[in-house]
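First listed ligand is number 1; within each ligand, the first listed atom is number 1. Remember, it's a predicted structure, so these values are computed and weren't measured experimentally. Count residues from 1 along the sequence.
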Amino acid sequence: MTQTPETIRAPKKRVAILISGRGSNMQALVTAARAPDYPAEIALVISNRPEAPGLAWAKEHGLPTLTLDHQLYENREHFEGQLQSVLEMSKIDLVALAGFMRLMTPGFVERWRGRMLNIHPSLLPLFKGLRTHEQALAAGVRISGCTVHFVSPEMDAGPIIAQAAVPVLPADTPETLAARVLEAEHRLYPQALSLVAQDQISLNADSIAFQRVGSEGINHADALFSPSL
Ligand code: GRF
């Protein structure tokens with residue numbers, strides 16, 4: 001068959017997902033990446049905790065997995081040195097943090113600048129760190145949500161790729177709000193990774209660059225959705 005420009009697809013980006021626990025966002029990315037036209041493939045799942053339920057799920061589903069137990073390394077640099085070797089050996093293009101509970105050193109973050117994503121369960125820059133849903137309820141906001149961002153040396157502060165908003169209801173507890181936000185996370189992360197894998201969104205010197213926007217490009221609305229009741 002003669003290949004026209006339309007039929008020639010860019011090679012899929014090779015993604016490593018880093019987890020520490022449950023791994024539901026990892027599952028959402030794995031599921032999305034099964035679609036033949038998804039622009040990324042999940043080449044490796046790495047957990048820094050051997051007992052992470054997400055790691056067991058990934059093994060059961062036949063994904064290439066690796067445990068890098070941070071406790072077995074003398075310090076952060078040694079742990080990250082091993083991580084970097086593995087990522088290079090596996091020819092990884094993009095790293096997706098999905099509930100990965102280790103801070104990265106500025107050196108490692110710089111190496112993966114514009115190629116490492118994270119998902120956070122709030123509308124950043126509000127409610128950084130842990131217990132985001134408690135923070136949202138204490139602040140009395142009527143809308144919360146989630147954010148996918150590029151990782152920067154400062155925690156939960158990197159350039160924002162995509163956000164989804166979720167209503168906060170009067171009877172919400174941290175648990176009910178977390179469950180509603182998590183559903184949005186599972187929709188948002190695959191969309192955001194797809195945008196980055198297609199180079200539709202990338203990182204300039206200090207800000208996000210959007211490539212083709214609107215009708216000529218892909219639907220950015222997919223990665224920017226609002227509450228509906
Ligand atoms: C998610 O809420 C994510 O936003 C945060 O940690 C949680 C991980 O959940 N960074 P899971 O392991 O993906 O289920």
Residue pair E80 / Q84, side-chain donor-acceptor N/O under 3.5 Å: no
Verify the neighbour count for atom CZ of R34: are there more than 12 heavy atoms of other residues, nucleotides or ligands below 6.0 Å? yes
Ligand 1 and N118, any nitrogen or oxygen pair closer than 3.5 angstrom? no
Atoms of ligand 1 less than 4.0 Å from P121 heavy atoms? 2 (O), 4 (O), 5 (C)
Closest non-hydrogen protein atom to atom 11 (P) of ligand 1, residue and atom name please, with distance? S24 N, 3.4 Å
Identify the protein heavy atom lying closest to atom 1 (C) of ligand 1, giving its residue, its atom name and the separation to 0.1 Å. E185 OE1, 3.1 Å
Close-contact set for ligand 1 against G23 heavy atoms, below 4.0 Å: 11 (P), 12 (O), 13 (O), 14 (O)
At less than 4.0 angstrom from any non-hydrogen atom of R22, what atoms of ligand 1 do you find? 9 (O), 11 (P), 12 (O), 14 (O)
To check your reading of the model: name the closest protein heavy atom to atom 10 (N) of ligand 1, its residue, and the distance in Å. I119 O, 2.9 Å
Regarding S194 and Q198, do their side chains bring together a donor and an acceptor under 3.5 Å, going by distance alone? yes
Atom 6 (O) of ligand 1: the protein heavy-atom neighbour that sits closest, reported with distance to 0.1 Å: G99 CA, 3.7 Å
Could you tell me whether K12 and D37 make a salt bridge, using a distance below 4.0 angstrom between a side-chain N and a carboxylate O? no
State whether the side chain of E185 and the backbone N or O of T147 hold a donor-acceptor pair below 3.5 Å, judged by distance alone. no
Parallel, tilted or perpendicular: ring planes of F100 versus F79, cut at 30 and 60 degrees: parallel
